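Quick notes on the structure that follows.
Quick caveat: nothing in here was measured; it's all calculated off a predicted structure. Each chain gets a letter, A, B and so on, in the order its sequence line appears, and its residues count up from 1.
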Amino acid sequence: MVSVDGGKSGSLIQVRELDKTYRRGNEDIHVLQGLNLDVDQGDFVAFMGPSGSGKTTMLNLLGGLDVPTRGSVTVAGDEITHMSRGKLTEWRARHVGFIFQMYNLIPVLTAFQNVELPLLLTKLSKAERRKHVEAALAIVGLADRMHHFPRQLSGGQEQRVAIARAIVADPTFLLCDEPTGDLDRKSADEVMELLRRLVDEYGKTVLMVTHDPVVARIAKQTLHMEKGVLVEAGARQEVVSGGAS
Amino acid sequence: MPAKIFLGALITIVAIAALLLLLVIVGGIIAGLLAPLIGSVPVSYNFRSLRARWSSSVVAILGIAGTVGVFVAMLSLAHGFRATLVASGSADNALVMRAGSTSEMMGGITLDSIRVMQDKPGVARDANGAPLVTQEVVGVIPLPLIRTGSDANVQVRGVSSNVLQIRKFVKLERGRMFTPGLNEIVVGKNAASTYQGLTLGNTINFGGGHWRVVGIFDAGGSAFDSEVWCDQRILNQVLQRPPNVFQSATVHLTSPAAFQQFKDAVTSDPSLNLEVQREVDYYANQSSTMTRLITVLGGLVALIMAIGAVFGALNTMYSAVSERGREIATMRALGFSSWSVILSFLFESLLISLLAGILGCLAVLPLNGWTTSTMNFQTFSNLAFAFKVTFDLLLAGVAFALIMGVLGGILPALRAATRPVAVALREL
């Protein structure tokens with residue numbers, strides 16, 4: 001169960017007193033202020049909030065793509081905020097699966113090769129890599145499209161390939177930044193159904209940023225963020241009835 | 001004193017910078033070429049990216065290929081010039097000139113000196129026991145070029161009638177050898193194809209006389225191919241030189257090893273004021289000025305072009321980094337290290353330059369053997385010589401291309417690897 005008061009212990013992801021401040025000219029912009037968060041294994045959390053509220057910044061900090069101004073992020077016992085850049089890169093490869101709004105597939109590589117990318121950083125043999133990639137593509141229902149290039153796939157299929165890429169190395173958790181933001185409703189539903197299956201059937205932990213309340217409804221819990229502070233937490237029903245913006 | 005310290009510091013800084021640049025180039029080439037083995041980013045990504053951005057790749061390839069082409073062409077020109085002159089000498093021939101002479105044109109040996117010299121040990125003899133020595137007179141005559149019609153200097157060499165026994169690589173291709181005592185000439189094959197009137201059976205005028213072309217000889221691509229040969233006694237009279245004074249003598253030795261013995265015997269004889277050198281060394285020295293000139297001028301042209309080509313490669317790779325900013329950021333987000341990204345981009349840059357290097361080398365290959373001519377400043381005569389595109393020069397061309405590739409790729413690669421991932425991911 002997700003908690004935002006910072007008092008919980010033993011959770012998979014622990015965020016404590018997280019601040020992120022950017023400097024623009026002479027002005028300090030406080031994007032995140034004293035953020036606390038605890039996420040357990042198997043949680044599916046949606047973060048909602050207006051543009052500029054700090055959702056993506058928080059996701060970047062949780063994924064080790066950026067470093068906080070203050071505070072700490074601990075994942076499965078690893079305190080990542082003080083890791084060197086090289087260590088952080090290795091940590092990302094082992095623990096984080098990223099799913100982006102624009103899919104971010106490499107256009108010159110096939111679906112198979114895109115999914116295989118994270119495995120190139122492991123010691124798996126070519127045959128083992130092939131097995132993993134085929135399994136991941138089968139989970140997302142695209143085993144028959146593995147030799148297609150991204151331009152030969154629909155948006156929904158591209159995002160499913162991206163999800164296969166995110167899960168292929170069996171990361172500790174998945175970070176999704178507006179995963180349905182560029183999809184039509186039908187494709188968005190398919191993608192969200194897939195994410196839900198990953199949580200329910202495979203026990204994955206998913207943290208997702210979205211603007212879409214319909215999408216957020218699929219998550220087990222929704223947190224609302226405003227001006228760099230998590231201001232609201234609730235179970236699925238509360239969010240729907242509360243009409244998150 | 002402060003000026004000296006400043007100069008010393010400046011030299012040290014330049015030396016350190018040059019060393020660092022060398023390390024970057026060598027290290028960059030080695031690391032980039034090994035990227036498929038030591039990097040994590042699949043090379044298919046680079047090959048396909050090049051194909052996807054084929055227009056800018058082609059521009060960069062053509063820029064570097066052109067530079068490599070000029071570089072190799074200039075080197076093959078210098079190489080051909082040097083090879084032509086060096087081929088003019090034989091290891092078992094010694095050239096004898098007056099002491100202090102730097103070229104045959106400045107020499108002067110009396111017949112008496114030659115008679116003393118030819119009895120020295122090491123001198124080869126013919127079947128009749130006669131010493132194999134050709135005493136020679138050289139001069140230049142103006143003849144119109146076939147190509148332009150304008151006059152150019154041709155070296156005319158008065159030789160002894162036994163010259164073909166001394167310069168054994170010279171073969172009569174057509175006609176016959178001149179008859180001693182007659183106004184007859186034999187012509188090198190390059191001279192015959194370069195100047196008007198030097199065709200077999202034709203008569204030309206110079207030195208106040210009529211000269212009949214009775215033979216065309218092949219001197220194996222050496223400088224003699226650009227010369228006209230005749231009887232030295234006749235030429236001496238025509239050029240109004242003092243009787244029984246020659247400009248050089250070429251001695252055929254019993255073996256190349258006999259050179260030192262012959263040289264010592266000549267130079268230790270107080271009655272002779274002569275200088276002895278291997279014929280091959282003499283021509284190698286003659287080639288040095290022009291070879292250096294061609295190499296330096298060619299090197300300058302290639303350097304200027306190389307700067308342009310490096311900027312071309314830089315532009316291509318920077319635009320590649322710019323166009324693929326989000327792809328690179330995605331890879332880094334997935335866990336590919338900065339080092340992998342650098343290797344990948346270096347590999348791609350080296351791939352472009354390798355293709356360009358091969359293309360540039362292929363483009364200049366047809367020049368191999370193509371004959372051109374220039375003034376030989378040692379003799380003031382026109383010398384025909386052929387481009388020599390050797391394997392070494394082709395390797396140098398490819399290496400030059402790789403240097404341009406690494407210089408053009410390293411900065412964009414660093415930019416790709418150091419850009420904040422979170423920022424680059426937001427790029428459209």
Might you point out which heavy atoms bring [X] and [Y] nearest each other, and give the distance in Å?
X: B:Ser40; Y: A:Leu120; answer: O-CD1, 3.8 Å
X: A:Ala93; Y: B:Gly335; answer: CB-CA, 3.8 Å
X: B:Leu334; Y: A:Leu121; answer: O-CD1, 3.7 Å
X: B:Arg332; Y: A:Thr89; answer: O-CG2, 4.4 Å

Part of [X] lying under 4.5 Å from any heavy atom of chain B:
X: A:Phe149; result: side chain
X: A:Gln113; result: side chain
X: A:Thr122; result: neither
X: A:Arg165; result: side chain
X: A:Asn60; result: side chain
X: A:Leu109; result: both

Please classify the contact of [X] with chain A as side chain, backbone, both or neither, using a heavy-atom distance under 4.5 Å.
X: B:Ser338; result: side chain
X: B:Ala333; result: both
X: B:Arg51; result: neither
X: B:Phe336; result: both

- Item | Candidate pair A:Ile106 and B:Arg48, rule side-chain contact (heavy atoms from CB on, under 4.5 Å), full reasoning | CA-CA 11 Å; A:Ile106 309 298; B:Arg48 288 180 188 170; over 6 Å; no
Can you tell me if [atom1] on [X] sees more than 12 non-hydrogen neighbours from other groups inside 6.0 Å?
X: B:Lys388; atom1: NZ; answer: no
X: A:Arg24; atom1: CZ; answer: no
X: B:His79; atom1: NE2; answer: yes
X: B:Phe311; atom1: CZ; answer: no

- Between OG1 on residue B:Thr330 and CZ on residue A:Phe98, distance to nearest 0.5 Å: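 Rounded to the nearest 0.5 Å, the OG1-CZ separation comes to 10.0 Å.
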- Out of curiosity, B:Tyr45 OH to A:Asn114 CG, how far, rounded to the nearest 0.5 Å?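 B:Tyr45 OH to A:Asn114 CG: 10.5 Å, rounded to 0.5 Å.
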- Flag, side chain of A:Arg85 to backbone of B:Ser337, donor-acceptor distance under 3.5 Å: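 Looks like no, no N/O pair under 3.5 Å.
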- Mind ranking A:Glu90, A:Gln101, A:Arg92 by heavy-atom pairs under 4.5 Å with chain B and telling me who comes out on top?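 Ranked by heavy-atom pairs under 4.5 Å with chain B, first place is A:Arg92.
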